[in-house]
Amino acid sequence: CVTYNTLIKGLCRTGKVDEACQLLCVMTESKCFPDIISFNLIIHGFCSEGRFDEAIMLVKEMAWTGRSHENGNDPLPLGQSNFHKLEQAIKISAEMSNYCCTPNVVTYNTLINGLCKSGKLERAYELIHVMEAAGIAPNLVSYNTLIAGFCKSNRFEEANILVTEMPKRGCSPDVVTYSTLMNGFCKANRLNDALKSFGEMLDNGCVPDVVTYTILVDYFSVIGEVNKLYELLDKMEEVGCIPNHVTHSVVVDRLQKAGRTDEAEKLLNRMTKMRHSS
RNA sequence: CGUUUUCUGAAGU
């Protein structure tokens, strides 16, 4: 089954979701039944091709099949989607693998992420309520995904509302949450707000990581504050945070665009020293 | 350049 799922992942990643769907049927035929991971991969595939209606339809069918199996209801009537074969695969795997193909939190998070990435924030947000109604509690990833979506659209008010609401739902903001906000603010040229988020991150006991620092490195590279860059690198060294290939790439790209390749070179030397002394 | 079967944050693409 792992082998099949690896194949499905490969097909989805290369834009061959339809072939991946066929593989589900092959699986059922060979008595190796698709599991929740198989379906989540397919949903991810649909989303990355922008085929949200099909992704959502698939989730609905999964949910329905799971429920109908528990309650003895009739299956969803056929003929209202292109999924006849898929439906068969779903039903069989629902019967054979202990309902493990009913949508789980990852399923919904995958959908939310797909919708956010294409700017359909309202639909993504609705899914929070949909999943709750289905008895599945949104988790940290659900909230972080939505917050990233709102930040990308410069809708910081709504992002902040989520940040204050999520603890009430049992999800404390983590380093990803705060880094997401910081990135949004930095890209919108709002350094003060970014630093405020940074402070909140520390206050709440989160430890900044290489992504967090790279976001700041990016900002100061764009505005060409080389002194600040050295300060940041000092700080990173102090806390044992090693710049990675993205940090390097950011510095080179930004300073090169500003025509300061000499500075970029010096900074790169500084960063490679950090890698070697660790 | 992908050792890890599915979801979230940084550059490029």
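Protein chains get the first letters and strands the later ones, always in sequence-line order, with residue 1 at the start of each. Since we're looking at a predicted model, the values are computed, not measured. Quick note: numbers below take in every heavy atom, side chains included, and nothing from hydrogens, waters or symmetry partners.
Under the 3.5 Å distance criterion, the side-chain polar atoms of A:R275 are left unmatched by any main-chain donor or acceptor of A:I242. Side-chain N or O atoms of A:S153 include none that pairs as donor or acceptor with a backbone N or O of A:F150 at under 3.5 Å. Distance alone, capped at 3.5 Å, is enough to place a donor-acceptor pair between the A:H276 side chain and the A:T272 backbone. The backbone N or O of A:C206 sits nowhere less than 3.5 Å from a side-chain atom of A:N204 that would complete a donor-acceptor pair.
Of all the residues in residues 163-171 of chain A, not one reaches under 4.0 Å from RNA chain B with any non-hydrogen atom.
The same atom, C1', is picked in B:G2 and in B:U13; the two are 16 Å apart, to the nearest Å. Taking the C1' atom of each, B:G12 and B:C1 are spaced 14 Å apart, rounded to whole Å. Rounded to a whole angstrom, the distance from the C1' atom of B:A11 to that of B:C7 is 22 Å.
By the criterion of side-chain heavy atoms lying less than 4.5 angstrom apart, applied directly or through intervening Ile, Leu, Val, Met, Phe, Trp or Tyr residues, A:V141 is not grouped with A:L115; the two fall into different hydrophobic clusters.
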Legend entry - A:D35 and A:S38: CA distance, side-chain angles, deciding distance, side-chain hydrogen bond (donor to acceptor under 3.5 Å, both in side chains) verdict: CA-CA 5 Å; A:D35 59 10; A:S38 321; 2.8 Å; yes
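The environment of CZ in A:F52 is crowded: more than 12 heavy-atom neighbours from other residues, nucleotides or ligands sit within 6.0 Å.
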Just distance, no hydrogens or angles: give the donor-acceptor pairs under 3.5 Å from side chains in residues 195-202 of chain A, sequence neighbours left out.
unit_1, atom_1, unit_2, atom_2, d
A:S197, OG, A:D193, O, 3.4

Inset, instruction - Could you run through nucleotides 6-13 of chain B and give me one letter per nucleotide, 5' to 3': B if any protein heavy atom sits under 4.0 Å from the base, S if only the sugar-phosphate is that close, - if neither? - result: BBBBBBS-
